[in-house]
Structure formats: structure tokens, C-alpha cells
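Everything on this sheet refers to the single structure shown next.
Because only heavy atoms are used, hydrogens play no part in the values below, and waters and symmetry mates are left out as well, while side chains stay in. The sequence lines fix the lettering, A, B, ..., with proteins before strands; numbering per chain opens at 1.
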2 protein chains.
Amino acid sequence: MDDVFQALSHSARRKILDIVGKMPGCNVNDVAKYFSMSRIAVMKHLGILEKANLLISQKSGRSRELYFNVVPIQMIYDRWTTEYSQFWASKLTDLKFQTETKKKKKK
Amino acid sequence: MDDVFQALSHSARRKILDIVGKMPGCNVNDVAKYFSMSRIAVMKHLGILEKANLLISQKSGRSRELYFNVVPIQMIYDRWTTEYSQFWASKLTDLKFQTETKKKKKK
DNA sequence: ATAACATGTAACCTAATAGTTACATATGAC
DNA sequence: GTCATATGTAACTATTAGGTTACATGTTAT
């Protein structure tokens, strides 16, 4: 679980997930074009995502096809909707917490 | 958003959230008792959680009362249920897209 | 065969994490 | 006031993260 959260903690990696999610089967260079950092840096991010099982890759010829895997996210979703379900109902009605956090909300 | 995922990426911090969630208003030492690491290390974790807005603290006398805040988690939940909703139902997409996207990279 | 392309590996640098110990400050009990 | 308690701050260390450039390997096209 650490790996998944760690992988998702970097905006570049979440962006990669969005890109691959919209372009299933795209390769490393396709993804790297969206970033200003070097291709090697992108590959390291891909490696982290793959280690967290959020990406699946498959070699095809000289290129590597990338696929987004939603299962680990589903796992986290399940944890939150079960273990934290008690807080969802209670805190949603308490508007004090929401207004406090509304300003500092960013992407 | 980086802060929230980063905060959740360490199992000790997720454990802290569980502890504080079950003991609202508990203080730093109460939490530290659950860990073998030093109190200062625990305080650093608390600081990270507080910076991510997952914890709210309030001084009361000589101790600090801790509360779990579910709002940032709800924010993430919203993102996943909206942006990734396409993947939830059917995570297997046909392979038509990948051939199309690869041709477009002609330049 | 050779050139262009896609990916992989190695070595290196800087900054942030995660932890420690030692000391300082503030408060409640007596 | 004195002392135990609860928290806070400072300084240090080791490891990991995130990035770079240079070079190597494998594959497709001409």
C-alpha cells in the first residue's frame, strides 16, 4: 500500500496515469513528450508506477506498450469506504471543516 | 494533493490516522505509545499529516488535542470517482486506440 | 549494411525523508 | 516555588527521491 500512495504522491506520476489511461498502449516516448524533464526521469517515474502495479507494460518490438491498471486504486477505494465510512456521514454534515479547507484546495 | 498522498504513503502515518480516528481529542503522547520510534519522530509524522490537513490539532493546556479530518480524503475520492470512473466498470478496453495513437506520432 | 529510432544502464548530484539524541519551554499538581 | 509532565526546537546522520548527462543495446526501415 505504501508503494501505491508513494507512486501517487507525485503530480508527474498522476499525470502519467491520466495520459496512459487515455492512450492505452502508448509507449515511453509518447509519454515523455508531455514533460519537460528528460526521458530517463520519465522512465524512473514509469518504474515507480509499475512497481506499485499502477502501470502494466509489455514489450512489442522495439517499443514498450503501457497500460493503466486500476486495481490498486480500487483497493484503496475499498479501504476508505469501509474503514473510514463512519467519518463520511458525520463530517459531511459538519460544514466547519469544509469551509476551512476550501481556500487551500489545489490540484 | 501531493501533500495528501505523500502523507498517506507511510504506514506509520496511516496508523496514526486510525488511532486518532478512534480516539478523537487524544494527545501526542497517546499516539506515541503505539510506536517504538521516538516521540520526536512521531511528532514529525503528525506535522506532515497536519500540513496535509488530514489532522487538526488544538492546544488545551499543556497538551495538544488531535482530530482526524476526512475532507482531503473525500477530495481524492471525488477525483477518482469522476476522472477514473471510465475504468471502474470495464478496465479492459479494446486495442483499437493504441494503433490509432501510434500513427498520429508521425510529425 | 547502415542509419534512425526506442529503450535501457551507469554514474553522478542535490534535496528531501525518516530517524536519532540533547536540550528548552510551558503547564498542572502539590 | 518545585517538580513531573507534555510539547517544542536544534543539530546531526543515513537513506531515498528526483533529476541530470553519457553511453550501450536492441529493432525497424531504407
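Cluster annotation: A/Ile16 and A/Val70 are assigned to the same hydrophobic cluster (Ile/Leu/Val/Met/Phe/Trp/Tyr, side-chain heavy-atom contacts under 4.5 Å, transitive).
Going from atom CD of A/Gln58 over to atom P of C/dT7 covers 13 Å, rounded to whole Å. In this structure, A/Leu46 places its CG atom 15 Å from P of C/dA6, rounding to the nearest Å. A straight line from CZ of A/Phe5 to P of C/dT17 spans 17 Å, rounded to a whole angstrom. One atom, CE of B/Met37, and another, C1' of D/dT13, lie 17 Å apart when rounded to the nearest Å. When rounded to the nearest whole Å, the span between NZ of B/Lys51 and P of C/dA18 equals 11 Å. B/Phe35 has its CZ atom 13 Å from the P atom of C/dA18, to the nearest Å.
At the phosphate of D/dT20, OP1 or OP2 sits under 4.0 Å from a side-chain N or O atom of A/Ser38. An OP1 or OP2 oxygen of C/dT17 is reached within less than 4.0 angstrom by no side-chain nitrogen or oxygen of B/His45.
Nearer the 5' end of DNA chain D, as judged by each residue's closest nucleotide, is the contact made by A/Ile48, out of A/Ile48 and A/Gly61.
The shortest side-chain heavy-atom distance between B/Leu54 and B/Arg13 does not fall under the 4.5 Å cut-off. B/Phe35 is listed as a side-chain neighbour of B/Ile19, based on a closest heavy-atom distance under 4.5 Å. You'll find the side chain of B/His10 stays beyond 4.5 Å of the side chain of B/Lys15, heavy atoms only.
The environment of B/Lys51 atom NZ is sparse: at most 12 non-hydrogen atoms of other residues, nucleotides or ligands sit within 6.0 angstrom.
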| task | Would you mind building the protein contact string for nucleotides 7-12 of chain D? One character per nucleotide, 5' to 3', B for base within reach (heavy atoms under 4.0 Å), S for sugar-phosphate only, - for untouched. | result | BBBBB-

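No donor-acceptor contact under 3.5 angstrom links the side chains of A/Glu65 and A/Ser57, judged on distance only.
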